[in-house]
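What follows is one structure encoded as structure tokens, with my remarks underneath.
Just so we're on the same page: letters track the sequence lines, and every chain starts at 1. Values in this document were obtained by computation on a predicted structure and should not be read as measured data.
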2 protein chains.
Amino acid sequence: MERKWAGMGRSGRVTLTDVAKASGVSRATVSFVLNDDPRQTISAATRERVMEAAQELGYVAHGIARALREGSSRIVVLNVDWGMEGNFSRSYVRGLDEELAEHGHILLVRHGHAIPEATQQMLDTIAPRAVLRLGEAYLQGHEPTEADWENGFAANAALQIRYLAERGHTRIAMGMTDREYPLTGVRLGFAQEAARRLGLPPLERFVVPRPRQAGAAAVETFLAAHSDVTALAAFDDDIALRALTALRDLGLRVPEDVAVIGFDETEYGSLSTPALTTVHIDAEILGRIAARNALGIDPGTLAPPPGRIVTRASA
Amino acid sequence: MERKWAGMGRSGRVTLTDVAKASGVSRATVSFVLNDDPRQTISAATRERVMEAAQELGYVAHGIARALREGSSRIVVLNVDWGMEGNFSRSYVRGLDEELAEHGHILLVRHGHAIPEATQQMLDTIAPRAVLRLGEAYLQGHEPTEADWENGFAANAALQIRYLAERGHTRIAMGMTDREYPLTGVRLGFAQEAARRLGLPPLERFVVPRPRQAGAAAVETFLAAHSDVTALAAFDDDIALRALTALRDLGLRVPEDVAVIGFDETEYGSLSTPALTTVHIDAEILGRIAARNALGIDPGTLAPPPGRIVTRASA
DNA sequence: TAACGTCACTAGATCGTTTCAGTTCACCGC
DNA sequence: GCGGTGAACTGAAACGATCTAGTGACGTTA
């Protein structure tokens, strides 16, 4: 089955012209009908005929041509420039994707540390409606307000620290990645502020590098210098897992000697020994908000659900 | 600094016309120069003038317009429809990306289980030069030949089984995912064939589901029914890690009671107790081959390096 | 000197949309 | 029977590239 109907350009593509010809109207009219342009008045009969013809022929708008005319395509690009494989990222992407779809747009996720040049070239090719970055949107696009402390990024960061504080830990250290990401500074800042609000001393910051041996060495050095530390809050589950392994390699007991808590639940955290206590974050609503912002739609009163602790054995 | 130079359309975009105007030639000529079209003869002087003007004005080709004219954009889409976070996927993407870049194309990676409808819509918008799928390309696009057994997917699958066989294991089971991926069947087939060639009995197949408790239950059930099994070969490191945890939860010793080997090295495998023995695969060359195939370029004599065992403690 | 070839370029069609600026027609009030 | 109005359309110009089919100008050959 090659061509179901006559009236299809040599290219194999059904175009507006084909639909116009089939329904006996002009291209313009077809366009008006298909996009139901509110500025036009089209008779019900014509509308019907056009719709039917489009259906029959299997017309699908040529996004490239449309984008050329409109100035930008109906695509939104999300850059996820660090391998955040947790629940946050996944749910955020889901929310973003769904909300965009509801407004006729498409999400394109670009993972990995993009070569700037290639990215730029891609953007020129795609001409996306908007380009987002995972980290930026986490903050809902503004400086942290008290609302963020109630229910947002800051609140989730605080949740992690508070959990440890409630278990009686007062000297808490913050395990960070060996690479600087856009979000690392922000996260650390929130954690520090949370500690301050809880009346705790400032969090000592240290890095847990890979591979395994280096991680263990780093943790050993750190604990030697800060023997009063009894708990580690990690930047994410990855770091937490590295720390957990390091502590066990050093012969320390978790959580008795040092408690460890992760951030942004992953499957791997559930498989370690001891299993990792962590923070679960559902960012779907955040994704939806970002989508609306990107499209210039009123975000309404969407509010993200609070994060919650996944209590397991490590803290 | 808004507009560096005069002669830039109201849209803020520098177009071919602008460059043409600036260098005193026609649009066509500019296009010929910039794409150095071999079918045209352009004087050195003109070439120079055009290049310079383009540089000055900061001209960058409008991919959308080009795509409309050419029928497809210079984008290649790669669908990675299952979370394969190992070395294979990463190196494959790197190779693909680099090779495409060398030919003026761009890689767009689409992660996650794409909604078919949205994907189709995206493809209509992007009009990519080619759409690839991670699994397909693993096979270099053809049925497994003896070459694949020498050095390819089949060889890597065999490597895993052979390692266990060399350690004296004869009853080996294959741990699979709970979801069926395009590749699962192929992988299992190769492993079975490898076992046959090594004179081993057929591999018993079983699934290691999540979460942790379910995994342990599955492993327990399986081992009860197949008490002679002494080694588990996993579909990937993820499954291996689940199995490792399950075995430990059941009080079994790894590798003494049951040996475990993963596939496609991840960082997590190095953090477990015992650390996971696995197979490391560098797929960069495979990515380059796929790129050339996609662009219709002769792949030449590129040959992927053989996989290698990463010997750690679990097998 | 007419015919022919090559060089160095240009005009304009083309890709498939969207959308502005009309056009036609029926109907209304006076 | 004339101007005015709104409904229901249509024509054609964009958008920014590529690329075919020419067009002069100059040099070479018979």
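B:Leu16 comes within 4.0 angstrom of a base, heavy atoms only. Within the nucleic acid shown, A:Ser31 comes within 4.0 Å of at least one base atom, counting heavy atoms only. If you check every strand for non-hydrogen atoms under 4.0 Å, A:Thr29 touches a base. Using a 4.0 Å heavy-atom criterion, one finds that B:Asp37 contacts no nucleic acid atom at all. If you check every strand for non-hydrogen atoms under 4.0 Å, B:Ala61 touches sugar and phosphate atoms only.
A sub-4.0 Å separation between OP1 or OP2 of C:dG16 and a side-chain N or O of A:Thr15 is absent. The side chain of A:Thr46 places an N or O atom within less than 4.0 Å of a non-bridging phosphate oxygen (OP1 or OP2) of D:dC9. For B:Thr41 and C:dC9, the shortest distance from a side-chain N or O to OP1 or OP2 is not below 4.0 Å.
Residues B:Leu68 and B:Ile42 both approach DNA chain C. Their nearest nucleotides, taken by heavy-atom distance, put B:Ile42 toward the 5′ side. When each of A:Phe32 and B:Tyr59 is assigned the nucleotide of DNA chain D bearing its nearest heavy atom, the one mapping closer to the 5' terminus is A:Phe32.
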Using the rule given for side chain to side chain contact (heavy atoms under 4.5 Å, CB included), can you reason through A:Arg129 versus A:Arg74, listing the C-alpha separation, both sets of side-chain angles and the distance that settles it, and then say yes or no? CA-CA 6 Å; A:Arg129 177 76 184 269; A:Arg74 298 191 185 173; over 6 Å; no
Might you work through the side chain to side chain contact (heavy atoms under 4.5 Å, CB included) test for A:His105 and A:Leu295, ending with a clear yes or no? CA-CA 9 Å; A:His105 285 248; A:Leu295 298 183; 3.7 Å; yes
Using the rule given for side chain to side chain contact (heavy atoms under 4.5 Å, CB included), can you reason through B:Glu267 versus A:Asp238, listing the C-alpha separation, both sets of side-chain angles and the distance that settles it, and then say yes or no? CA-CA 9 Å; B:Glu267 187 195 349; A:Asp238 257 45; 3.9 Å; yes
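One can place CZ of A:Arg47 at 13 Å from C1' of D:dC9, the figure rounded to the nearest angstrom. Spacing between atom CZ of A:Arg39 and atom P of D:dA8 amounts to 17 Å, rounded to whole angstrom units. B:Arg13 places its CZ atom 10 Å from the C1' atom of D:dA17, with the value rounded to the nearest Å. As rounded to whole Å, 14 Å separates atom P of C:dT10 from atom NZ of B:Lys21. In this entry the distance linking CD of A:Glu70 with P of D:dG16 reads 14 Å, nearest Å. Between the C1' atom of C:dT18 and the CD1 atom of A:Ile64 lies a distance of 16 Å, rounded to the nearest Å.
Under a 4.0 Å N-O distance rule, the pair B:Glu99/B:Arg94 does not qualify as a salt bridge.
Considering all non-hydrogen atoms of both residues, B:Thr29 and B:Thr46 come closest at CG2-CG2, 4.1 Å. Smallest separation of non-hydrogen atoms from A:Asp264 and A:Gly86: OD2-CA, 3.4 Å.
The closest donor-acceptor contact from the side chain of A:Asn87 to the backbone of A:His280 lies at 3.5 Å or more, if one exists at all. A:Asp18 places a side-chain N or O within donor-acceptor distance of the main-chain N or O of A:Thr15, the cut-off being under 3.5 Å.
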N/O to N/O distances under 3.5 Å, protein versus nucleotides 12-14 of chain C:
unit_1: C:dA13; atom_1: N6; unit_2: B:Arg27; atom_2: NH2; d: 3.4
unit_1: C:dT14; atom_1: O2; unit_2: B:Arg69; atom_2: NH1; d: 3.1

Within the sub-3.5 Å range, which N or O atoms of nucleotides 22-25 of chain D have a protein N or O partner, and how far apart are they?
none

Donor-acceptor pairs are to be reported for all side-chain atoms of residues 47-54 of chain A against protein atoms at under 3.5 Å, with residues two or more places apart or in another chain.
unit_1: A:Arg49; atom_1: NE; unit_2: A:Ser23; atom_2: O; d: 3.2
unit_1: A:Arg49; atom_1: NH2; unit_2: A:Ser23; atom_2: O; d: 3.0

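Between A:Leu78 and A:Arg133 the shortest side-chain heavy-atom distance does not fall below 4.5 Å.
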